[in-house]
Peer 1: 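Have a look at this one.
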Amino acid sequence: SQTIHQWPATLVQPVGSPLSLECTVEGTSNPNLYWYRQAAGRGLQLLFYSVGIGQISSEVPQNLSASRPQDRQFILSSKKLLLSDSGFYLCAWSWQRHTEAFFGQGTRLTVV
Amino acid sequence: EDQVTQSPEALRLQEGESSSLNCSYTVSGLRGLFWYRQDPGKGPEFLFTLYSAGEEKEKERLKATLTKKESFLHITAPKPEDSATYLCAVQSGNTPLVFGKGTRLSVIA
């Protein structure tokens, strides 16, 4: 069976500090990978998706970047965090692009 | 632009009191409609995919239906453990899923 791991579960970072969130998928090969952000009272917002190693599509301009160094690894990064980067970050995978996605448990990021 | 509207925003039910959640959508060429359940502080859990009008899917006390303009998630005789936020998403063409804001369901014993 397939599993998705996302860590850390919670993170408190000062403004201006760097960020690295990691996500890995087990039990499948060449998954489509996604990073979402969920803000209180708002729907899930797609930040990045990747259909293969080294391929990243960005959905919204922002202070964040994503990388896919290995087939089943997806990383969300920032060089300098802003207060507005606070939120609940979710990694997800799917078999095919933009079909039903399976989510990790999320990272609650608070920028102080 | 694809749009998804879920109603009500919040719903409070007594245990055993059946009801329905609504997901209205505006898309050009629906390829799939997805329902998820999300518990507080957790990632969404996939429930169903519906592809065409008239399609129905069931899982325990949940039943999802689809028309050309909306989907319903029917909850029959809910239990307190059904309390969660239910999310709806649509996909059209080759574009990413578009999520609604969800319905927060509380089932009181």
Peer 1: Between A:Y89 and A:V112, is there shared hydrophobic-cluster membership here, with clusters defined by ILVMFWY side-chain heavy atoms closer than 4.5 Å?
Peer 2: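 Result: no, two separate clusters.
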Peer 1: Please classify the contact between A:E59 and chain B as side chain, backbone, both or neither, with a heavy-atom cut-off of under 4.5 Å.
Peer 2: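 For A:E59, side-chain heavy atoms alone lie under 4.5 Å from chain B.
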Peer 1: With only heavy atoms counted, which part of A:Y36 is less than 4.5 Å from chain B, the side chain, the backbone, both or neither?
Peer 2: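 Contact with chain B is through the side chain of A:Y36 alone.
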Peer 1: Under a 4.5 Å side-chain heavy-atom rule over Ile, Leu, Val, Met, Phe, Trp and Tyr, are A:W7 and A:F48 clustered together?
Peer 2: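 Each belongs to a different hydrophobic cluster.
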Peer 1: Under the side chain to side chain donor-acceptor pair (under 3.5 Å) rule, what do B:Q38 and A:Q38 come out as? Steps first, then yes or no, please.
Peer 2: CA-CA 12 Å; B:Q38 185 174 24; A:Q38 187 174 37; 2.9 Å; yes
Peer 1: Give a yes or no on whether A:W95 and A:Y49 share a hydrophobic cluster (residues Ile, Leu, Val, Met, Phe, Trp, Tyr; joining criterion: side-chain heavy atoms under 4.5 Å apart).
Peer 2: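 Yes: a chain of side-chain contacts under 4.5 Å links A:W95 to A:Y49.
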Peer 1: Should A:L19 and A:W35 be counted in the same cluster of Ile, Leu, Val, Met, Phe, Trp and Tyr side chains packed under 4.5 Å apart?
Peer 2: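 Yes, one cluster joins them.
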Peer 1: Give, as side chain, backbone, both or neither, the part of B:T85 having an atom under 4.5 angstrom from any heavy atom of chain A.
Peer 2: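 Nothing of B:T85, per the 4.5 Å heavy-atom cut-off to chain A.
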Peer 1: Checking heavy atoms, do the side chain of B:Y36, its backbone, both or neither come under 4.5 Å from chain A?
Peer 2: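 The answer is the side chain of B:Y36.
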Peer 1: Look at A:T99, A:T10, A:L90, A:L44 and state which one has the largest set of heavy-atom pairs under 4.5 Å with chain B.
Peer 2: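 Looking at each of A:T99, A:T10, A:L90, A:L44 in turn, A:L44 comes out on top.
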Peer 1: Measure the CG-NE2 distance between B:N94 and A:H98 for me, rounded to the nearest 0.5 Å.
Peer 2: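 Those atoms lie 5.5 Å apart.
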Peer 1: Taking B:L87 as the starting point, is it possible to reach B:L47 by hopping between hydrophobic residues whose side chains are less than 4.5 Å apart?
Peer 2: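 Per the 4.5 Å side-chain linkage, B:L47 and B:L87 are not co-clustered.
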Peer 1: Evaluate whether atom CZ of B:R12 has more than 12 neighbouring non-hydrogen atoms of other residues, nucleotides or ligands under 6.0 angstrom away.
Peer 2: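 No.
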Peer 1: Take atom CD of B:E81 as the centre, draw a 6.0 Å sphere, and report whether it contains more than 12 heavy atoms from other residues, nucleotides or ligands.
Peer 2: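 Atom CD in B:E81 is packed in, count exceeds 12.
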Peer 1: Are the ring centres of B:F46 and A:F103 closer than 6.0 Å?
Peer 2: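 No, the ring of B:F46 stays outside the 6.0 Å limit from the ring of A:F103, centre to centre.
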Peer 1: Given a strict heavy-atom distance threshold of 4.5 Å, which part of A:A101 is in contact with chain B: side chain, backbone, both, or neither?
Peer 2: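 For A:A101, heavy atoms of backbone and side chain both lie under 4.5 Å from chain B.
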Peer 1: Once rounded to the nearest 0.5 Å, what's the spacing between atom CG of B:L33 and atom CD of A:E100?
Peer 2: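 Between atom CG of B:L33 and atom CD of A:E100 there are 11.5 Å.
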